[in-house]
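Proteins come first, then strands; the chains are lettered A, B, ... in the order of their sequence lines, and each starts at number 1. No experiment lies behind these values; they were computed from the predicted model shown.
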There are 2 protein chains.
Amino acid sequence: MKKHIKHDPQACSKKMLPIQDALEILSGKWKLPILVALMFDVKRFSDLSKEIPRITDRMLSKELKDLEMNKLVKRTVYDTFPVTVEYTMTEYGRSLKKVIEALGEWGEKHREKIMSE
Amino acid sequence: MKKHIKHDPQACSKKMLPIQDALEILSGKWKLPILVALMFDVKRFSDLSKEIPRITDRMLSKELKDLEMNKLVKRTVYDTFPVTVEYTMTEYGRSLKKVIEALGEWGEKHREKIMSE
DNA sequence: TATAGCACTATACTCTAGTATAGTACTTAC
DNA sequence: GTAAGTACTATACTAGAGTATAGTGCTATA
């Protein structure tokens, strides 16, 4: 039985906040699929709807709005008929790549570990 | 208006699965606070309960069970009076450090960006 | 004998994320 | 004039995450 060292809760929550911010931005069932779909290409609403299995229009619309608010995705409307709207990943959105890769690498290892137990 | 290149949905979902696994393990309101609290010290149930503001016993118990199942945390019972139970981060749990740091760094930048818009 | 501390569990509730389904506004092509 | 395509919005529902509150079993100390 080891000694229990007290943590400084102030310093701790200071570190926690950005972590939880980041996590919240990626959280939910659909944010990652959308971001990954946009990581390499520009896409329209209907493209995303087709490419992301089982997502509803409502969710897609809602999540895209969220991502736009956080400046990860840019929305461009073209004055065509019918209207077309393009969604692009911003440079800033691309800065998430490292985070997503870190998650992916760890997730891969985790799959192996849990499968082989 | 750019060309739209089709993505291979098979290859895409293959990459997505581990990312979502990782995200699921960290998801929810309390997983990260618990992991961060255990990152440096061994802690008992009551220590964690005190250190993590506003967490209920029910949630703490539930989330610790989850983390234990995923081999991120180890639970050790000591035959004292009253019983004491220690929670330790496993070596494997520590392997999440890089992911958490990546999240933290990005979250920090994001805070600055959003605040200064 | 009563009380207090530890590590939970039980029950009931609320609230939010996500689903299901349908409908809108616009215009061009038939 | 009506059908079809695009990018949504509205409404209603469901399920699961999280909250609030109370109670359990153990025993050492007062």
Can you tell me if the side-chain N/O atoms of [X] get under 4.0 Å from OP1 or OP2 in [N]?
X: A:Lys62; N: D:dT9; answer: no
X: A:Ser61; N: D:dT9; answer: yes
X: A:Tyr78; N: D:dA7; answer: no
X: B:Arg44; N: C:dC8; answer: no
X: B:Ser46; N: C:dA7; answer: yes

A:Ser116 side-chain N/O to A:Glu112 backbone N/O, donor-acceptor pair under 3.5 Å: yes
Using a cut-off of 4.0 Å on non-hydrogen atoms, how would the nucleic acid contact of A:Arg58 be classed: base, sugar-phosphate, or nothing? base
Q) A:Lys65 near the nucleic acid: base, sugar-phosphate alone, or nothing, with a heavy-atom cut-off under 4.0 Å? A) sugar-phosphate
Nearest-nucleotide check on DNA chain C, B:Leu64 vs A:Glu63; residue mapping nearer the 5' end is B:Leu64
Of A:Pro82 and A:Arg54, the one whose closest nucleotide on DNA chain C sits nearer the 5' end is A:Arg54
| said: Between A:Glu108 and A:Arg111 (salt bridge meaning N to carboxylate O under 4.0 Å), is one present in this structure? | reply: no
Of the listed D:dA7, D:dT19, C:dA7, the closest approach to the A:Phe45 side chain comes from D:dA7
Heavy-atom closest pair (A:Lys71 atom, A:Thr90 atom, distance to 0.1 Å) is O-OG1, 2.7 Å
Between A:Ser49 and A:Asp57, the two heavy atoms sitting closest are OG-OD1, 3.8 Å
Here the distance between atom P of C:dT11 and atom CG of B:Asp57, to the nearest Å, is 17 Å
